[in-house]
Every structure is written in structure tokens, then in C-alpha cells.
Amino acid sequence: MNNQGHTKQQSTIWQDEATRLAYAELANVFYAREIPSLSAEPDLDRLQRRLSSLPYYVERAATHIVLGEVPLELDSHNGCWLAKQRKCPQWHCDEAKTFYTAHASVGLVVPVMVIDAGVTCVYLDTLDQTRDGLCHCNQFGWFDCSGNAFGEDGQLDLPATRYLLKPSKALMTAACCGHRWQYHKILPPRTLGLREMLLASSVNWANVRKKQQRK
């Protein structure tokens with residue numbers, strides 16, 4: 001589609017009242033979420049940078065979410081994705097090794113399982129480096145192809161609190177919805193920030209093990 005056609009399509013979409021309402025609700029929720037963390041920023045220069053960029057990221061996230069193709073129910077009023085919560089995920093090192101040895105690529109959205117004080121969560125992250133049998137995630141750092149995490153000293157992260165998992169729709173859904181478990185007991189979901197809400201629209205939901213091809 002040419003730019004003129006794309007612009008016309010977007011213009012038509014924004015004429016829909018439900019779409020405009022969802023966008024407005026998302027923008028309000030995202031501002032309400034981000035402002036408390038900004039108020040705790042001690043560095044004045046960093047605070048000013050974050051404040052100046054906040055409208056751009058709020059608009060971008062709300063637009064991508066409303067116009068995206070995430071196959072999950074959106075609660076725009078609360079700024080979250082909804083889906084039935086399944087059993088607590090497990091790390092399978094052989095599955096991870098087979099997948100990441102062959103398919104690790106920069107830009108791929110991946111699930112990372114984090115265990116903290118007995119609470120298990122799945123987060124969305126992206127691969128931004130791959131070399132020497134290792135994968136680097138933008139937020140959670142280095143992993144080997146089996147999914148083992150490395151600390152800042154370059155040694156295995158022991159006791160392990162982070163695992164890189166093989167992508168699946170169930171894991172991506174759990175991450176998008178903020179699902180949590182404590183010793184396999186279901187907990188109320190966590191709230192996702194702007195970055196993760198936006199990442200959900202970057203997942204190739206037709207095949208979560210491949211990068212999304214931008215139109």
C-alpha cells in the first residue's frame with residue numbers, strides 16, 4: 001500500500017468512536033502510570049529528558065496497541081491485556097538450546113521467566129546481540145542458548161533467577177497479561193509498563209518464533 005492509501009486507511013480508522021475512546025483511555029492510563037515514577041527521579045536532567053519524551057512514547061504505545069493485531073482482549077480502561085491464566089511455566093533447557101542455537105536473531109521478541117522471592121513472572125524482551133553461542137536481551141542481559149542467565153561478572157547467575165524460554169503463544173500471552181504464580185498458585189497479574197505494552201504489538205503472533213515483518 002502506498003503512503004497515501006495508508007494515510008487514508010488510518011484516517012478512516014480514527015473516525016471510529018470506539019477506537020478513539022480506546023486510544024484516549026490508554027493514553028490516560030499510561031500517563032497515570034508513568035508520572036509517579038517520574039516524581040521519584042532524583043536526577044533533574046534525566047527527569048527533564050523523560051518528561052519531554054513521555055508524550056511521544058505514550059502516543060506511540062496507545063496508537064500501536066489500538067491499531068495493532070494482538071489477538072488478546074484489551075482492557076483499555078485499565079491499560080492491560082486479558083486472557084485465561086494457565087499453569088506456571090517451566091524452563092526446559094534442551095528445548096531452549098535447540099531453538100536458540102538455530103533461530104536466535106536480533107530483533108526477535110522473546111519470553112524471559114523471572115523468579116523472585118518465590119514469585120514467577122514472564123516478561124517480554126528482545127534479542128539485541130547474538131555471538132559465540134550467547135544471546136543478549138535488551139533488558140535482562142546475557143543468556144547462553146540453553147537459557148541460562150549470566151551475571152555482570154560474566155559467570156552463570158547462581159542461584160538462577162532468570163531463564164530465557166523458547167517462544168510460544170502461551171508464554172507470550174502470559175507475559176502480555178502480566179500473569180504471576182507463587183509456588184504454582186495463581187496470583188493477581190502485575191501491571192505492564194509502556195515498553196512491554198508496546199512490545200506486545202511487535203510479536204509475530206502468526207508465528208511467535210519468527211520476527212514480525214514490518215509492512
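Sequential numbering from 1 along the given sequence is applied to the chain's residues. This is a predicted model, so every value here is computed, not measured.
Taking 4.5 Å as the limit, every side-chain heavy atom of Leu82 sits out of range of all side-chain heavy atoms of Leu74. A 4.5 Å side-chain heavy-atom check between Leu38 and Leu47 finds at least one atom pair inside the cut-off. In this structure, the side chains of Leu127 and His136 stay at 4.5 Å or more apart for every pair of heavy atoms. Put simply, the side chain of Ser37 reaches to within 4.5 Å of the side chain of Arg50, judged on heavy atoms. Proximity of Asn148 to Asp157: side-chain heavy atoms (C-beta onward) are nowhere separated by under 4.5 Å. Tyr183 is not listed as a side-chain neighbour of Val119, based on a closest heavy-atom distance of 4.5 Å or more. Counting heavy atoms from C-beta outward, Thr173 and Trp81 have side chains that stay 4.5 Å or more apart. With a 4.5 Å cut-off on side-chain heavy atoms, Tyr23 and Leu67 do not count as touching.
Under the 3.5 Å distance criterion, the side-chain polar atoms of Asp132 are left unmatched by any main-chain donor or acceptor of Leu134. Using modelled atom types, no side-chain atom of Trp205 and backbone atom of Lys169 make a donor-acceptor pair closer than 3.5 Å. A donor-acceptor pair under 3.5 Å links the side-chain atoms of Tyr100 to the main chain of Leu165, judged by distance alone. Within the 3.5 Å criterion, the main-chain N or O of Pro189 finds no donor-acceptor partner in the side chain of Arg180. The backbone N or O of Gly147 sits less than 3.5 Å from a side-chain atom of Asp144, completing a donor-acceptor pair. Of the possible polar contacts, one joining the Asn28 side chain to the Ala24 backbone as a donor-acceptor pair under 3.5 Å is found. Listed for the Thr98 side chain is no donor-acceptor partner under 3.5 Å among the backbone atoms of Glu95. Put simply, the side chain of Ser168 gets close to the backbone of Leu171: a donor and an acceptor are under 3.5 Å apart. For the pair Trp91 (side chain) and Arg162 (backbone), a donor-acceptor distance under 3.5 Å is absent.
Atom-to-atom distance recorded for Thr120:OG1 and Met113:CE is 6.0 Å, nearest 0.5 angstrom. Taking NZ of Lys210 as the reference point, atom CG of Asn207 lies at 5.5 Å (rounded to 0.5 Å).
Linking ILVMFWY side-chain heavy atoms closer than 4.5 Å, directly or via other members, places Leu164 and Val109 in two distinct hydrophobic clusters. Grouping the Ile, Leu, Val, Met, Phe, Trp and Tyr side chains by contacts below 4.5 angstrom, directly or via other members, places Tyr56 with Leu51. No single ILVMFWY cluster, assembled from side-chain heavy atoms under 4.5 Å apart, contains both Phe143 and Val106. Residues Leu72 and Leu199 fall within the same hydrophobic cluster, defined by Ile, Leu, Val, Met, Phe, Trp and Tyr side chains chained together at heavy-atom separations under 4.5 Å. Transitive grouping of hydrophobic side chains (ILVMFWY, heavy atoms separated by less than 4.5 Å) brings Leu192 and Phe30 into a common cluster.
Taking a 6.0 Å sphere around CG of Asp43, one finds it holds more than 12 heavy atoms contributed by other residues, nucleotides or ligands.
Shown here for Leu108 and His103, the closest heavy-atom pair between the two residues is CD2-O, 4.2 Å. Considering all non-hydrogen atoms of both residues, Cys176 and Leu124 come closest at SG-CD1, 3.8 Å. Shown here for Ser201 and His64, the closest heavy-atom pair between the two residues is OG-CB, 3.7 Å. Considering all non-hydrogen atoms of both residues, Cys137 and Val110 come closest at SG-CG2, 3.9 Å.
Of the candidates Gln182, Lys185, His184, Cys88 forms a side-chain contact (heavy atoms from CB on, under 4.5 Å) with just one, namely His184.
Between Trp142 and Phe150, the ring center distance fails the sub-6.0 Å criterion.
Note on Glu41 versus Arg46: salt bridge recorded, some NZ/NE/NH1/NH2 to OD/OE distance being below 4.0 Å. Looking at Asp125 and Arg195, a side-chain N of the basic residue comes within less than 4.0 Å of a carboxylate O on the acidic one, giving a salt bridge.
A donor atom on one side chain and an acceptor atom on the other are found under 3.5 Å apart for Asn78 and Asp75.
A cation-pi geometry, defined here as NZ or CZ lying under 6.0 Å from the six-membered ring centre and within 45° of its normal, holds between Arg190 and Tyr123.
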Practice item. May I have the step-by-step check of side-chain contact (heavy atoms from CB on, under 4.5 Å) for Gln212 and Val203, ending in yes or no? Key: CA-CA 6 Å; Gln212 186 182 82; Val203 174; 6.0 Å; no
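Ring pair Trp181/His179 is perpendicular by interplanar angle, where above 60° counts as perpendicular and below 30° as parallel.
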